Amino acid sequence: MKTRLEIARFCLVALFVLVFAACGSPNPEPEGAGDETTRMTTTETTAPEETPDPEETEESTVGLEETGEAAEVAEEPLPDPGGPTRSESTATEAASGENGMVASAHPLATEAGLEVLGEGGNAYDAAVAVSVALGVVEPMMSGIGGYGATVTFDAEMGETRFLETGSRVPETADPALFRPPTPGYGENRCGATAVATPGNLRAWEAMWEEHGELGWEELFTPAVRYAEEGFEVSPVLEGWLGSEFSAFPAHAQEVYGRDGLPLRTGDRLVQRDLAASMRTIADEGADALYSGDLGQTVVSEVRRDGGFLSAGDLQANRAEWRASVSSGYRGHEVAVAAPPATSWNALMRLGIMDQFGFGPGDHNTSAYTHAFVEGSRGASSTFREDPTADLSSVESGTLGLLLSEAYWRERAAEVDFSRATPRDSTPRGDSAADCSPTGYTPTGTAPVEAADTRQHTTHFTVADREGNVVSSTQTLGNVFGSKVMPRGTGIWLNDSVAWSRFEPEGNVFDVAAGGQSYYALAPTIVLEDGRPRAALGTPGGRTIPQTTAQMVMNLVDSEMDVQRAVSEPRFASFWSSGSLAVEPGFPEAARQELAALGHEVYVEESGIGDAQAVGVEYGEDGRPVRLTGGADPRGEGLAAGF
């Protein structure tokens, strides 16, 4: 039997409920929500039932139609990217969302993209914000002083395009300085003499000008905040600082060190000069670098250090939208960046592998791996040292041949499944690896090319609820690029020239004054029925095309989701040494069988690449209904959506 006190309490509670219901709840919990607030669905706010006045409703509707505001009222508001509908990837499970998805190599860069999407920006806005943020939180991999390649899918136009940064070798560069008999030719391939025109910033602006919806300055807000307020140094950043710190100029050591030593994990990295440069760019646009005082500071420092970059080189820089390059693969279209990117290498490998008819059960078997390695091993001889080779466009003779069905059949038919092809060249190093990382030396049986497998670049992918997709790979060349940071700017400059092939003179990858160097970046979008199924990419130097092709096969052949596609163990072959790198998770039986065939197999403990990917699923009306994201467990990245 209830006491009077209990009855009084009951009456008070009942009275409160009646008053609250009459006023209307601003955010009532949907029926059955309970513990399921982490589901990837948007919570819909329900207004209290009220009998509308028919006359008033008709009048208000007409008014909205006449003023064009009806569409705005009908537009569903975006949920909070950090709210209960947020989803994050794990090493085994993809993130999931409906309104936006970002996968990048650093959690704070992913947050920057989500922040912009949550404010009403689209995938292109978010891509700029992620790009700028990566230059702050992952300063060794990319930034304002770098270059890159981006492939986009425009949902409204239904097409993929390639955004080229326009980075070029300085007009006054002297190629003779980079090869014998010039004294010190090896050292000339590093530092200020290796700096090419930075192209990233102009490309970010070009993307925003054509597709952006938010204000330019808004896209810099997260990155400026990270630079001014600082963030904790991660184990990955600590490792690269420890490797490269001794090569930094003194003013950069003051930023990235303390008491003469590089910052350690947990220390706070504050980059005030970089924040000031970004604020200037946010106010003045890309011209701040290409024709303003910031650019003059950059040029003065490079010239002081013996480099070739001039104000004219900066002013001549133009980002350019071009058609992407694509080919079919088992019912899908794989679209990649056009030259000067060598993304076509991934398409060639896919075309050759398609000739063998491997299925899901063949994934990472010895036969599968052997075919992948042997099928493309001789391809480089088709063009690498041929002075008449032309890789400038798909229509050219050389590149047209490499991407032809006839060539793929020919290469597949030449694969001998009983043995590996004997090495016919002398192992040699890579001039770019000679510059950096200064503290990294391959160990055990790893060849000198092993440095290529490490993450000297960054990749990210973005998708929005309209179906726009951005896949972007950006770089400084080596870690921290040329190690040139113009005083007072906080901007690391690239060493693009170092990635040329200087011998023999005149080869297709040689350096030329005022020319565009080829670069091994392969941002990719995989389409099915004319719409993106997935977008992906990875760093990894010259291993990038191999990793890209393997991830596409994981998606298409083995029907893996994006997270598993980027997490699966990888392998990479090195043409000059005949070595075959496999990751620790690669099947032991397959390793032994490959060694028995004559492959020089070694285990790459640090992993190969650091991929990021997004996936898109569609409803019956053809519109996106679900976005997924995967981040590589080899790195510290994060895929997140809402």
Side-chain angles (χ1 to χ4, degrees), residues 124-125 127-128 131-132 135 142-152 154 157 159-173 194-212 216 219-220 277-278 280-299 302 307-325 336-343 391-395 470-477 481 491 493-497 499-500 511-519 521 523:
Y124 307 103
D125 292 315
V128 175
S131 298
V132 184
S142 68
I144 294 167
Y147 57 100
T150 300
V151 175
T152 67
D154 186 321
M157 300 299 293
E159 64 179 11
T160 58
R161 289 200 297 169
F162 162 46
L163 179 57
E164 208 281 306
T165 62
S167 182
R168 290 181 177 272
V169 177
E171 288 285 350
T172 59
V195 176
T197 309
N200 276 342
L201 178 58
R202 187 68 85 186
W204 302 342
E205 187 177 64
M207 182 184 298
W208 170 77
E209 285 179 339
E210 181 149 342
H211 295 289
W216 170 252
L219 310 183
F220 285 76
S277 294
M278 291 189 294
T280 298
I281 293 168
D283 291 339
E284 302 177 13
D287 282 346
L289 175 64
Y290 296 101
S291 59
D293 292 341
L294 183 59
Q296 187 56 55
T297 300
V298 167
V299 167
V302 172
F308 302 106
L309 187 68
S310 70
D313 293 320
L314 289 178
Q315 291 167 6
N317 176 260
R318 295 291 183 274
E320 182 181 353
W321 286 100
R322 301 180 183 177
S324 58
V325 176
V336 299
T342 58
S343 309
L391 301 175
S392 61
S393 70
V394 179
E395 291 73 27
V470 177
S471 181
S472 185
T473 311
Q474 300 179 24
T475 188
L476 290 170
I491 298 172
L493 300 179
N494 69 80
D495 69 343
S496 172
V497 174
W499 293 85
S500 303
V511 63
Q516 282 192 294
S517 299
Y518 289 102
Y519 46 80
L521 307 180

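Not measured: the values here are computed from a predicted model.
- Contact between P523 and S343 at its shortest, heavy atoms only, is CD-OG, 4.3 Å.
- For V299 against S310, the heavy-atom pair with the smallest separation is CG2-C, 3.6 Å.
- Under the 3.5 Å distance criterion, the side-chain polar atoms of S471 are left unmatched by any main-chain donor or acceptor of V151.
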- Message: Show, in sequence, the C-alpha distance, side-chain angles and deciding distance for D495 and L476, and conclude whether the side-chain contact (heavy atoms from CB on, under 4.5 Å) test is met.
- Response: CA-CA 6 Å; D495 69 343; L476 290 170; 5.9 Å; no
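- The shortest non-hydrogen separation linking A323 to F162 is O-CB, 4.1 Å.
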- Going through the distances and angles, do L219 and V132 end up as a side-chain contact (heavy atoms from CB on, under 4.5 Å)? CA-CA 8 Å; L219 310 183; V132 184; 5.9 Å; no
- Item | Steps toward side-chain contact (heavy atoms from CB on, under 4.5 Å) verdict (W204, I144) | CA-CA 10 Å; W204 302 342; I144 294 167; 3.9 Å; yes
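- The main-chain N or O of A196 is never found under 3.5 Å from a side-chain atom of D313 such that the two would form a donor-acceptor pair.
- Separating the CZ atom in F220 from the OG atom in S131 is a distance of 9.5 Å, to the nearest 0.5 Å.
- Separating the OG1 atom in T150 from the CG atom in L521 is a distance of 9.5 Å, to the nearest 0.5 Å.
- When atom types are taken as modelled, the side chain of Q516 and the backbone of P340 share no donor-acceptor pair closer than 3.5 angstrom.
- Of the possible donor and acceptor atoms, one in the side chain of Y290 sits under 3.5 Å from a partner among the backbone N and O of R202.
- For the pair L309 and V298, the minimum side-chain heavy-atom distance is below 4.5 Å.
- Rounded to the nearest 0.5 angstrom, L314 CG and D287 CG are separated by 11.0 Å.
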- Task: Before giving the answer on side-chain contact (heavy atoms from CB on, under 4.5 Å), spell out for N317 and L289 the whole-Å C-alpha distance, their side-chain angles and the decisive distance to 0.1 Å.
- Result: CA-CA 11 Å; N317 176 260; L289 175 64; over 6 Å; no
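- Rounded to the nearest 0.5 Å, atoms CZ (R318) and CD (E164) are 13.5 Å apart.
- Between atom CG of residue L294 and atom CE of residue M278 there is a gap of 11.5 Å, rounded to the nearest 0.5 Å.
- Proximity of a side-chain donor or acceptor of N494 to a complementary backbone N or O of G481 within less than 3.5 Å is not detected.
- One N or O on the side chain of R168 and one on the backbone of G514 form a donor-acceptor pair closer than 3.5 Å.
- Scanning both residues, A513 and V169, for their nearest heavy atoms gives CA-CG1, 4.1 Å.
- Between the side chain of R322 and the backbone N or O of P339 there is at least one donor-acceptor pair closer than 3.5 Å.
- Counting heavy atoms of neighbouring residues, nucleotides and ligands inside a 6.0 Å radius, atom CG of D283 exceeds 12 of them.
- Among residues two or more places apart in sequence or in another chain, the side-chain contact (heavy atoms from CB on, under 4.5 Å) test is passed with A288 by T280, I281, E284.
- S324 meets the side-chain hydrogen bond (donor to acceptor under 3.5 Å, both in side chains) test with T160; sequence neighbours excluded.
- You'll find the side chain of T342 stays beyond 4.5 Å of the side chain of L391, heavy atoms only.
- Here the side chain of T165 pairs no donor or acceptor atom with the backbone of A149 at under 3.5 angstrom.
- Ring planes of W321 and H211: perpendicular class, angle over 60° (limits at 30 and 60°).
- S392 approaches Y518 most closely through the heavy-atom pair N-OH, 3.4 Å.
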